[in-house]
Amino acid sequence: MFRDALREEIRAAIGRAAVAGRLPPVAVPAFEVEVPRDRRHGDYATNAALVLAKAAGASPRQVADALVEAWAPAADRVAALEVAGPGFINIRLAWPWRRALVAAIRAEGDGYGASTVGAGRRVNVEFVSANPTGPLHVGTGRNAVIGDVLANLLAALGYQVTREYYINDAGQQVHNLARSVEAHYFTHFGRPRPVPEDGYHGDYVADLARRIAEADGPRWLEAPEAARLDHFREVSVAAVIEEARADLARFRVVFDVWFSERSLVRSGAVDRALADLRARDYVYEADGKTWFRSTAFGDDKDRVIVKPTGEWTYFGSDIAYHLDKRARGFDLMIDVWAIDHIGDVARVRGGLQALGVPPEALEILIYQHVRLKNEGEALRMSKRRGEFVTLRELIDAVGVDAGRYFYAMVAPGTPMDFDVALARAHSQDNPVYYVQYAHARIAGILREAAAAGAAAGSAPPLDRLEDEREWALLHTLAELPEVIRAAGLRREPHRLCAYAREVAEAFHLFYTHCRVLGDDPGLTAARLAVVEAARTVLRRVLGLLGVCAPERM
RNA sequence: GCGCCCGUAGCUCAGCGGAUAGAGCAACUGGCUUCGAACCAGUAGGGCGGGGGUUCGACUCCCUCCGGGCGCACCA
C-alpha cells in the first residue's frame, strides 16, 4: 500500500514542480519506488529525479531538490525526505502511517495480497502431462510444483485458472508400453517373450501384465493382436494415470481437467485442424508425408504432420489440442515444459499462428532439468530402461513440505542439482523449516495469549508501536501484494520462497527483541495485532506454495 | 554446424537497470530461570566465466569469445 501511494504522491509532486516553474513541463517518465537494499537509505527510495534529469536539462540532484520542495508530504505520513547519492530521494515513513498497515492487513484478512490485475481472464495452465508410460519421476516433481504454484499465484491475481493434464495416450509410446506389457503377459503364461528393444523395462511393466492376467486369465493369448494391444494399452494407461493422480494428489497437486489425446483424435478435431491448415496453404505433400510449413514461422525446417502410415505425428494433435483450449474459452494458455522440448516451441507457436491464434495467447514456460546425483555420482535417468528415482520415493524421503519448497525455491531457468542422498540427510535443514518455525512460534504466542485472556481486540492501541523492529516486520509484510504480483506476472514462483524467508527472518528478529506478552495490556494488545498480521502473511505465502503452516512443530 | 538455456562465496542458489552483491548449507565464536534455541548475535569467505559496448549508473541490456546443458525424429 505504501509504494503505490508514494508513487502517486511523487507523480503529483512532479506536476506541481512543473507548474511552479522549478521543472520544465516534461512527460513524466517511468520511475520506481523501491525498498533500498541498505536500510540506512530509508524505508523507500525513488529514482524519479534520476530518470527525469535528462529531459529536465538539470543535474539529478537539482531535480531531486526541486521535487522534495514541491512534494512537501504530510507529516503524519512521511517523516523525512533526503536527497542522497547520485540523486535518489530517500523516504522515511512516519509512525502513524506505518501503524495503519496493521489495521489494513487485519481488515483484509486472508484476502490480503490479492489483486484484480487478472480481471477474471481465463487462464489454462497445462503442466506435468508426463507420458502415461510409467511412474512419475523426480524431474516431474519440478514441473508439478512450478505449474501448481504459478496457478495459485494467477488465481490470487484475479485470473480464473484451470489446471490441466494432457494425457498422451494416442501415440507410439503408449503402443510401446502395450507391447511391453504383452511380452510380460505371454511370459506369465509360460510363453516367454522378450520385452521389445524400444519398450519399457521397469518392474512396473510386469506388474501391469500380472494385473491383467489375474483379471482376465489367459484369454488374451489367442485374441487378435490388434484387440489385445488395444486392451492392454487402455488398461495400462488407465492404471499408470491412476498412480500419477494419486502421487500428485499426495504432493497436493490436483488437476481440474485430465485431457485425453485419444479422445481428441477420435473427435475428428485433428482432421479439422489439418483441413484448416491446408485451406490456408500451410501444408504440402512430399515423400509420401504431409508437411507443415513451420519455416514460415521461424522454425529451422518444415515438420512432418502426417506420417506415411496416415497416422498423426504428435505435433498434429498438439495443434488441435491447443485449438481445443481456445475453443473452450481460454484467453491465455500457459504450458510448462522441460528444457528438452525447447526445440518444439517454434513449430507449435507457428502452427497456432497459422490458424489465427494470436502469439501472445500461448506462453511456454521452460524449466531446466533436475540433474540427479547420488553421493556426488551423476545418475542417468531413463524411463525406458526403468532407471529413475520416482517422485513417490522423494516424497517418502523428505516429505511433501520440504519437497515442494525445495522445487519451488529455484528459478525455473536455473538447472537444479539434486543429490538424493544429500536431500535425505538435509531434509532437516531445508529452509522451509525456518519459515514454518516462525508460524509455529506465532501460533504459540497466540495460544499463550488466549490462555492468559489477552487479545488484540477490535481496536488495539496501535500508537503503542514505536520500535524499529516492529516496523521492520511491518515493512516486510507490506511487500506481499508486490511479491505476488511480481512472482505471478513474471512467472517466477521462486520469489515466494525468498519472500517467505524474509518474513520469517523479520518475525524472528521481532520476537527476539520485542516481548509480546507482558504486564502492559496496551502494548500487549498492539503487538498481538502485529503478530496476527504476520500470521496472515505467512499463511498466505505458505498457502500459495502449497506448504503447511503448522501450529506446532 | 545451427537454435535455445545456464555460468554469482567451498557447495546449492537468490539478486526487479540503481547506492558498500545476499541467503542457506559447510567452518569458527558467543547467547536459553522470561511468549518455542528448528532461534538470535558475530567471524571468515566472492566482485559476478573473459573481453568489448550502451547508460548518469550494468550481476542485470547488446555484441563477441570460453565453459557446461538441452534440442536439431515419421518419440512425446
Side-chain angles (χ1 to χ4, degrees), chain A residues 32 34 36-38 40-41 45 47 50-51 53-54 59-60 84-88 90 129-133 166 168 170-176 198 261 287-291 298-301 303-309 311-315 317-318 338-346 366-369 371 384 406 409-419 422 426 428-431 433-434 436-438 440-449 451-452 454 482 486 490 492 494-495 497-498 501-502 504-505 507-509 511-518 524 527-528 531 552-553:
Chain A
E32 312 255 351
E34 58 193 15
R37 209 175 272 164
D38 187 337
R40 287 169 305 185
H41 294 137
N47 64 348
L50 291 160
V51 298
K54 183 169 268 183
S59 81
F88 289 103
N90 293 333
S129 300
N131 268 350
T133 52
Y166 184 48
N168 292 114
Q172 187 64 37
Q173 293 310 320
V174 286
H175 180 71
N176 291 347
D198 53 359
E261 179 185 8
D287 309 327
K289 309 155 207 171
T290 306
W291 298 77
D299 203 354
D300 47 8
K301 59 190 210 184
R303 303 293 168 171
V304 173
I305 194 166
V306 184
K307 305 180 210 174
T309 59
E311 287 174 298
W312 293 99
T313 63
Y314 99 93
F315 167 63
S317 56
D318 228 27
I339 183 73
D340 54 330
H341 291 91
I342 196 156
D344 306 336
V345 171
I366 298 284
Y367 66 94
Q368 294 280 334
H369 275 306
R371 281 203 308 259
R384 279 239 194 97
F406 181 83
M409 207 167 41
V410 181
T414 301
M416 202 171 149
D417 268 332
F418 192 158
D419 191 314
L422 225 54
H426 285 193
Q428 286 312 304
D429 297 323
N430 191 301
Y433 297 109
Y434 183 78
Q436 289 184 313
Y437 184 57
R441 267 185 156 176
I442 287 171
I445 292 172
L446 295 175
R447 271 196 304 273
E448 287 290 319
E482 198 66 37
R490 299 163 65 101
E492 294 180 337
H494 70 285
R495 286 168 185 275
C497 292
R501 202 203 61 78
E502 282 173 28
E505 181 177 44
F507 178 78
H508 287 311
L509 274 169
Y511 175 91
T512 302
H513 297 285
C514 301
R515 170 120 201 139
V516 177
L517 305 176
T524 295
R527 286 186 169 166
L528 279 171
V531 169
R552 292 188 162 84
M553 289 177 72

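Keep in mind it's a predicted model, so treat the numbers as computed, not measured. Convention: sequence-line order gives letters A, B, ...; per-chain numbering from 1.
Closest approach to the A/Gln368 side chain among B/C5, B/A76, B/A19 is made by B/C5 (side chain taken as heavy atoms from C-beta onward). In this structure, of B/C75, B/A38, B/A19, it is B/A38 that holds the atom nearest to the side chain of A/Tyr437. Here the side chain of A/His369 is nearest to one of B/C13, B/C70, B/A73, namely B/C70. For A/Thr414, whose side chain is taken as the heavy atoms from C-beta onward, the closest listed nucleotide among B/A19, B/C70, B/A14 is B/A14. Minimum atom distance to the side chain of A/Ile339 is reached by B/C70, of the listed B/C6, B/C70, B/A14. Listed nucleotides: B/C39, B/G22, B/C74. Nearest to the side chain of A/Arg37: B/G22. Of the candidates B/U34, B/U20, B/A38, the closest approach to any side-chain atom of A/Arg515 belongs to B/U34. Considering only the side chain of A/Leu517, B/C35 comes nearest among B/C35, B/A14, B/C6. Here the side chain of A/Val410 is nearest to one of B/G36, B/A14, B/C5, namely B/A14. Set against B/A76, B/A21, B/C74, the side chain of A/Pro308 has B/C74 as its closest nucleotide.
Residue A/Asn47 is in base contact, counting any heavy-atom pair closer than 4.0 Å across all strands shown. At the heavy-atom level, A/Arg490 lies under 4.0 Å from the strands shown only through sugar-phosphate atoms. Contacts of A/Ala438 with the nucleic acid, taken as non-hydrogen atoms under 4.0 Å apart, are absent. Residue A/Val516 is in base contact, counting any heavy-atom pair closer than 4.0 Å across all strands shown. Using a 4.0 Å heavy-atom distance criterion, A/Ala411 is classed as a sugar-phosphate-only contact. Within 4.0 Å of A/Arg40, counting heavy atoms only, lies at least one base atom of the nucleic acid.
Comparing B/G22 with B/G47, their P atoms are spaced 15 Å from each other, to the whole Å. Across the P atoms, B/C62 and B/C70 are found 24 Å apart, a figure rounded to whole Å. Comparing B/U54 with B/G10, their C1' atoms are spaced 36 Å from each other, to the whole Å. Taking atom C1' on both B/A44 and B/C32, the two are 26 Å apart, rounded to the nearest angstrom. For B/C74 and B/C16, the P atoms lie 40 Å apart once the distance is rounded to whole Å. Nucleotides B/A41 and B/G50 place their P atoms 33 Å apart, quoted to the nearest Å. One P atom belongs to B/A21, the other to B/U43, and the distance between them is 16 Å to the nearest Å. Look at the P atom in both B/C48 and B/U8: the space between them is 12 Å, to the nearest Å.
Whole-Å rounding puts the A/Asn176 CG to B/A76 P distance at 9 Å. As a whole-Å value, the separation of A/Phe406 CZ from B/A14 P is 11 Å. Protein atom CE of A/Met416 is 8 Å distant from nucleotide atom P of B/C13, rounded to whole Å. For the pair A/Phe315 CZ and B/C72 P, the computed distance is 15 Å after rounding to whole Å. As rounded to whole Å, 15 Å separates atom P of B/C32 from atom OH of A/Tyr511. Across the protein-nucleic acid pair, A/Met409 atom CE and B/G24 atom C1' stand 8 Å apart, rounded to whole Å. Distance A/Glu492 CD to B/C6 P: 11 Å, rounded to the nearest Å. A/His494 places its NE2 atom 13 Å from the C1' atom of B/G22, with the value rounded to the nearest Å.
A/Glu505 approaches A/Tyr434 most closely through the heavy-atom pair CA-OH, 3.2 Å. Residues A/Ala53 and A/Ser59 approach most closely at CB-C, 4.2 Å, considering heavy atoms. Residues A/Gly413 and A/Gln368 share a closest heavy-atom pair of O-CG, 3.1 Å. Between A/Asn168 and A/Tyr166 the shortest heavy-atom distance is ND2-CE2, 3.2 Å. Between A/Ala338 and A/Ile366, the shortest heavy-atom distance links the atoms O-CD1, 4.2 Å. The nearest pair of heavy atoms linking A/Ile305 to A/Trp312 is O-CE3, 3.5 Å.
The partner of B/G47, taking Watson-Crick or G-U wobble pairs whose two distances both stay under 3.5 Å, does not exist in any strand shown. In this structure, B/G71 forms a base pair with B/C2, meeting either the Watson-Crick or the G-U wobble geometry with both donor-acceptor distances under 3.5 Å. B/C59: no Watson-Crick or G-U partner with both key distances under 3.5 Å is found in any strand. Pairing for B/U29 is with B/A41, a Watson-Crick or G-U wobble pair whose two hydrogen-bonding atom distances lie under 3.5 Å. The nucleotide B/G24 finds its pairing partner in B/C11, both defining distances of the Watson-Crick or G-U wobble pair being shorter than 3.5 Å.
Judged as a side chain to side chain donor-acceptor pair (under 3.5 Å), and not counting sequence neighbours, A/Glu32 has no contacts.
Defined by atom type and a distance below 3.5 Å, a donor-acceptor pair is missing between the side-chain atoms of A/Gln173 and A/Thr133.
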Could you write out each protein N or O paired with an N or O of nucleotides 40-50 of chain B at a distance under 3.5 Å?
| residue | atom | partner | partner atom | Å |
| --- | --- | --- | --- | --- |
| B/C40 | OP1 | A/Tyr434 | OH | 2.4 |

Return the polar atom pairs (N/O with N/O) between nucleotides 53-56 of chain B and the protein under 3.5 Å, or none.
| residue | atom | partner | partner atom | Å |
| --- | --- | --- | --- | --- |
| B/C56 | OP1 | A/Lys54 | NZ | 2.7 |

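The backbone N or O of A/Val516 sits less than 3.5 Å from a side-chain atom of A/Thr524, completing a donor-acceptor pair. The backbone N or O of A/Arg40 sits less than 3.5 Å from a side-chain atom of A/Asp38, completing a donor-acceptor pair.
The 5' end of RNA chain B is approached more closely, in terms of each residue's nearest nucleotide, by A/Arg495 than by the other of A/Val304 and A/Arg495. Each of A/Leu446 and A/Pro431 was assigned the nucleotide of RNA chain B with the nearest heavy atom; the assignment lying further toward the 5' end belongs to A/Pro431.
Listed pair A/Lys307 / B/C75 meets the phosphate criterion, a side-chain N or O lying under 4.0 Å from OP1 or OP2.
A syn orientation is assigned to B/G47, its glycosidic angle lying within 90° of 0.
In this structure, A/Arg501 and A/Pro431 have side chains that are not in contact, with every pair of non-hydrogen atoms separated by 4.5 Å or more. Side-chain contact check for A/Met416 versus A/Tyr367: every heavy-atom pair is 4.5 Å or farther apart. Side-chain contact check for A/Phe507 versus A/Arg441: some heavy-atom pair is nearer than 4.5 Å.
Atom NE2 of A/His494 and atom OG1 of A/Thr414 lie 7.0 Å apart (nearest 0.5 Å).
Residue side chain A/Asp344 reaches the base of B/A76 through a donor-acceptor N/O pair under 3.5 Å, judged by distance alone. Side-chain atoms of A/Asn430 stay outside donor-acceptor range of the base of B/A38, with no qualifying N/O pair under 3.5 Å.
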